[in-house]
Amino acid sequence: QVQLVESGGGLVQPGGSLRLSCQVSGVIVKDYRMHWHRQAPGKQREWIATIQSSGHTSNADSVKGRFTMSRDNAKNSVYLQMDNLKPEDTAVYYCNLEAYNSWGQGTQVTVSS
């Protein structure tokens, strides 16, 4: 059974940083393409970042230069390092295993002074 569990969200001031984690069980994460998405109140879910099985990453323009997706094969996990956070980054963040259409429960990120 595939399971994704996100953690690391919280309240941070503008300009601050957070690191989100997504622990994956049931598959070997390095064999699959994985994504981070987010959904702000009243808005559609938005793609944020992807990591390919090769390790190549790509980001949405809205977070380019501020967010970095990575993977730890030993921990079977993926991460989203978020720097220079802005109020408009406030959302619930989800990791996604595309091949299984599997989603985590989400972790809330709130950027506010």
Side-chain angles (χ1 to χ4, degrees):
Q1 181 180 358
V2 176
Q3 188 174 13
L4 283 65
V5 179
E6 300 100 336
S7 62
L11 173 64
V12 63
Q13 292 187 343
S17 298
L18 282 174
R19 186 183 188 228
L20 306 183
S21 301
C22 176
Q23 174 72 52
V24 181
S25 57
V27 298
I28 299 173
V29 69
K30 70 179 178 67
D31 292 338
Y32 294 91
R33 179 165 56 226
M34 292 201 64
H35 312 283
W36 282 99
H37 298 253
R38 68 185 180 188
Q39 188 165 19
K43 295 188 176 181
Q44 289 190 331
R45 193 167 292 189
E46 172 191 18
W47 168 75
I48 292 300
T50 295
I51 188 164
Q52 306 286 347
S53 56
S54 65
H56 178 75
T57 60
S58 55
N59 290 345
D61 288 343
S62 59
V63 304
K64 199 162 291 185
R66 301 188 298 122
F67 291 11
T68 304
M69 187 172 183
S70 63
R71 184 176 67 210
D72 186 331
N73 296 337
K75 295 183 178 180
N76 213 46
S77 297
V78 295
Y79 303 92
L80 187 68
Q81 176 66 41
M82 305 187 296
D83 298 317
N84 190 22
L85 282 159
K86 304 176 180 180
E88 53 263 41
D89 295 319
T90 295
V92 179
Y93 285 71
Y94 300 89
C95 60
N96 165 237
L97 175 60
E98 178 182 326
Y100 287 76
N101 192 26
S102 182
W103 297 79
Q105 82 287 354
T107 186
Q108 176 71 46
V109 172
T110 302
V111 185
S112 175
S113 55

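- Here SG of C22 is found 10.0 Å from CD of Q3. Values are rounded to the nearest 0.5 Å.
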Problem set entry | S77/Q23 under side-chain hydrogen bond (donor to acceptor under 3.5 Å, both in side chains): CA gap, chis, key distance, verdict | CA-CA 5 Å; S77 297; Q23 174 72 52; 3.1 Å; yes
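- Inter-residue side-chain proximity for T57 and T68 is flagged as unmet; no heavy-atom pair is nearer than 4.5 Å.
- Within 6.0 Å of the CD atom in Q44, the count of heavy atoms belonging to other residues, nucleotides or ligands does not exceed 12.
- Counting all heavy atoms, side chain and backbone alike, A49 lies closest to N59 at CB-OD1, 3.4 Å.
- S17 and D83 form a side-chain donor-acceptor contact under 3.5 Å, judged by distance and modelled atom types alone.
- With rounding to the nearest 0.5 angstrom, the SG atom of C95 is 7.5 Å from the CD atom of Q105.
- Closest approach of W47 to H37, counting heavy atoms only: CA-ND1, 3.5 Å.
- Remark: Q39 CD to E46 CD distance equals 10.0 Å, nearest 0.5 Å.
- Linking Ile, Leu, Val, Met, Phe, Trp and Tyr residues whenever their side-chain heavy atoms come within less than 4.5 Å leaves L18 and Y79 in two separate clusters.
- Smallest separation of non-hydrogen atoms from M69 and T50: SD-C, 3.6 Å.
- When all heavy atoms of R71 and Q52 are compared, the closest pair comes out as NH1-O, 2.9 Å.
- Residues R38 and V109 fail the side-chain proximity criterion, which asks for heavy atoms closer than 4.5 Å.
- Panel note: side chain T90, backbone V111; a donor-acceptor pair is recorded below 3.5 Å.
- Linking Ile, Leu, Val, Met, Phe, Trp and Tyr residues whenever their side-chain heavy atoms come within less than 4.5 Å leaves L4 and W103 in two separate clusters.
- Transitive grouping of hydrophobic side chains (ILVMFWY, heavy atoms separated by less than 4.5 Å) brings M34 and V63 into a common cluster.
- Summarising the geometry of E6 relative to Y93, their closest heavy-atom pair is OE2-O, 4.0 Å, with the distance given to 0.1 Å.
- Side chains of W36 and F67 form no contact here, defined as non-hydrogen atoms less than 4.5 Å apart.
- Across all their heavy atoms, V2 and S102 have their closest contact at CG1-OG, 3.6 Å.
- Shown here are the salt bridge (charged side-chain N to carboxylate O under 4.0 Å, His left out) partners of R66, two or more places apart in sequence or in another chain: D89.
- Linking Ile, Leu, Val, Met, Phe, Trp and Tyr whenever their side-chain heavy atoms come within less than 4.5 Å puts I48 and Y32 in one cluster.
- If you chain together hydrophobic residues whose side chains sit under 4.5 Å apart, L80 and I51 fall into the same group.
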